[in-house]
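Shown next, in structure tokens, is the structure this report addresses.
Proteins get letters first, then strands, A, B, ... in listed order; numbering begins at 1 in each.
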There are 2 protein chains.
Amino acid sequence: MIKNELSKPKQTFRNLTEEKRLRIENALVEEFAREGYRRASLNNVVKSLGIAKGSLYQYFDNKEAIFLFVFERFTRLVKSMVGKPSAADCRPDNFWRTVRRVWKAGIIFIDNYPAYYQLYLNALFEQDIPRREEIISRVRLFSMEFFGPLAAAARKRGGLRPDVPVPVVVFMIDAAMDRFLQSYARSYLDDGLELAAADRARAEAGMDTIIEALKNGLGGGQRSP
Amino acid sequence: MIKNELSKPKQTFRNLTEEKRLRIENALVEEFAREGYRRASLNNVVKSLGIAKGSLYQYFDNKEAIFLFVFERFTRLVKSMVGKPSAADCRPDNFWRTVRRVWKAGIIFIDNYPAYYQLYLNALFEQDIPRREEIISRVRLFSMEFFGPLAAAARKRGGLRPDVPVPVVVFMIDAAMDRFLQSYARSYLDDGLELAAADRARAEAGMDTIIEALKNGLGGGQRSP
DNA sequence: TGTTTATATGACTACCTGGTCACATGATAA
DNA sequence: TTATCATGTGACCAGGTAGTCATATAAACA
């Protein structure tokens with residue numbers, strides 16, 4: 001995860017009272033989440049906030065800077081919720097427990113910040129997003145950076161199959177987790193798991209089934225040599 | 001998969017020569033693939049085609065109808081490439097071979113029709129797409145309809161673990177396949193598998209590793225009871 | 001030939017966008 | 001009080017959009 005700031009609001013913005021700043025930040029997230037980057041309308045935002053268009057440009061340089069600022073808040077939120085691997089996470093025999101912990105953090109994140117999650121989905125698949133590759137890999141690399149070393153350690157200790165390369169392990173966990181969370185967040189993507197209702201208990205049960213299946217495989221009794 | 005047509009072009013369009021019709025269809029796919037639905041510009045399309053704006057509206061009712069028409073062509077293409085389960089596909093001990101066949105069909109589809117695949121990705125994640133839920137579930141349900149019965153049969157015969165429900169089996173295969181194909185199609189989504197180069201041979205090798213891992217699990221030697 | 005019917009055209013409308021700028025407001029300092 | 005400076009304002013601009021419609025063209029038919 002690169003430390004550099006993506007975008008800095010003007011001093012004027014930082015001088016605002018926290019209340020007003022948060023009101024503006026929230027309105028911006030909501031708009032970008034609902035409409036994506038390109039279609040998001042700053043006219044809309046200022047209208048809903050009851051401030052003048054010019055004010056927004058006293059706070060930020062342009063639309064791109066606004067988007068990057070909002071996206072950076074998303075990555076900060078994710079990092080603060082998932083954190084770095086703890087000492088317990090690093091014990092190789094805790095590997096699947098750690099997977100479960102991070103996965104659950106994802107569920108909680110969506111419950112707490114649905115708009116920010118939607119913002120991320122939009123960034124993932126919309127074209128012409130400013131510095132798109134950079135901001136997406138900030139999030140995607142996070143997964144590899146987090147799970148990669150843990151998986152490598154677990155594999156060395158025999159907790160993971162030696163014939164599956166670490167990148168494939170991370171890929172599969174990430175793919176299952178991502179798709180699961182997308183289904184959880186957006187009902188019509190639901191694939192028959194019926195997570196739509198956003199019933200946290202049911203979601204966790206589904207998650208556990210999937211993690212077990214990742215660990216033990218889908219195949220029948222006999223293992224290949 | 002519902003049979004109803006999503007959108008019908010006007011008679012005028014159907015009266016065109018095949019050459020002109022295809023030229024127009026291709027230009028439309030390219031535009032929607034590159035820009036998504038909302039930002040796609042019909043002005044752009046007619047300019048690049050060298051026809052008049054009015055002509056487009058002689059062929060279709062409006063932008064929505066145009067998009068739905070193009071998307072329907074995508075679903076038709078997918079269906080024609082994957083087809084229905086063959087007799088061989090239905091043999092329970094051929095389950096993983098069938099997974100491999102469909103997965104490979106996905107790779108070939110992306111190689112042959114990259115714009116159509118991009119169109120699908122846009123539809124997946126853009127907001128305010130006409131009849132979005134309907135058209136997405138048309139594609140997603142396809143996976144369940146195709147693999148569901150095969151998985152159920154394989155599970156009954158002991159080819160799949162009895163403690164993993166069929167929807168979970170389909171979910172995991174679909175999630176891995178989808179994410180793999182997304183990485184294959186779009187380099188910056190690559191998660192360390194290095195499929196970016198679109199090297200078909202390497203892609204198939206990666207696919208095989210993932211399928212094996214789906215089948216046998218990521219966990220170490222010992223199985224849970 | 002003249003007449004009807006189908007298709008092609010592009011100027012036009014109403015509306016939206018991001019961004020600008022001359023000016024208004026209010027607070028602080030001299 | 002007056003002067004200075006940060007902040008707030010909204011009319012305005014250039015440029016884009018989807019969609020319309022009167023008119024031109026061409027083809028088919030009488």
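Taking only side-chain nitrogens and oxygens, Lys53(B) never comes nearer than 4.0 Å to OP1 or OP2 of dG10(C). Between Tyr59(A) and dG8(D) there is a side-chain N or O to OP1 or OP2 distance below 4.0 Å.
Closest to the Ser55(A) side chain, of the nucleotides dG19(D), dG18(C), dT9(D), is dT9(D). Listed nucleotides: dG19(D), dT7(D), dG19(C). Nearest to the side chain of Gln58(A): dT7(D). Of all nucleotides listed (dG19(C), dG19(D), dT9(C)), dG19(D) comes nearest to the side chain of Tyr57(B). Ranking dG10(C), dG18(C), dA18(D) by closeness to the Asn43(A) side chain, first place goes to dG18(C).
Sorted by residue number, the list of members of residues 10-27 of chain A with any non-hydrogen atom under 4.0 Å from DNA chain C is empty.
Cation-pi geometry between Lys63(B) and Phe32(B) is not met: the NZ or CZ atom fails to fall both under 6.0 Å from the ring centre and inside 45° of the normal.
One finds no salt bridge joining Arg132(A) and Glu126(A) here, because no Lys/Arg side-chain nitrogen approaches an Asp/Glu carboxylate oxygen to under 4.0 Å. Between Glu19(A) and Arg23(A) no salt bridge is recorded (no basic side-chain N to carboxylate O distance below 4.0 Å).
Here the C1' atom of nucleotide dT17(D) and the CG atom of Leu42(B) are 9 Å apart, to the nearest Å. Between the CG atom of Asp61(A) and the P atom of dG18(C) there is a distance of 16 Å, rounded to whole Å. In this structure, CZ of Arg39(B) is placed 12 Å from P of dG18(C), rounded to the nearest angstrom. In this structure, Phe67(A) places its CZ atom 18 Å from P of dT17(C), rounding to the nearest Å.
Closest-nucleotide positions on DNA chain C for Asn44(A) and Gly54(A) were compared, and the one nearer the 5' end corresponds to Asn44(A).
Under 3.5 Å, the side chains of Asn122(B) and Gln118(B) contain a donor-acceptor pair of N or O atoms.
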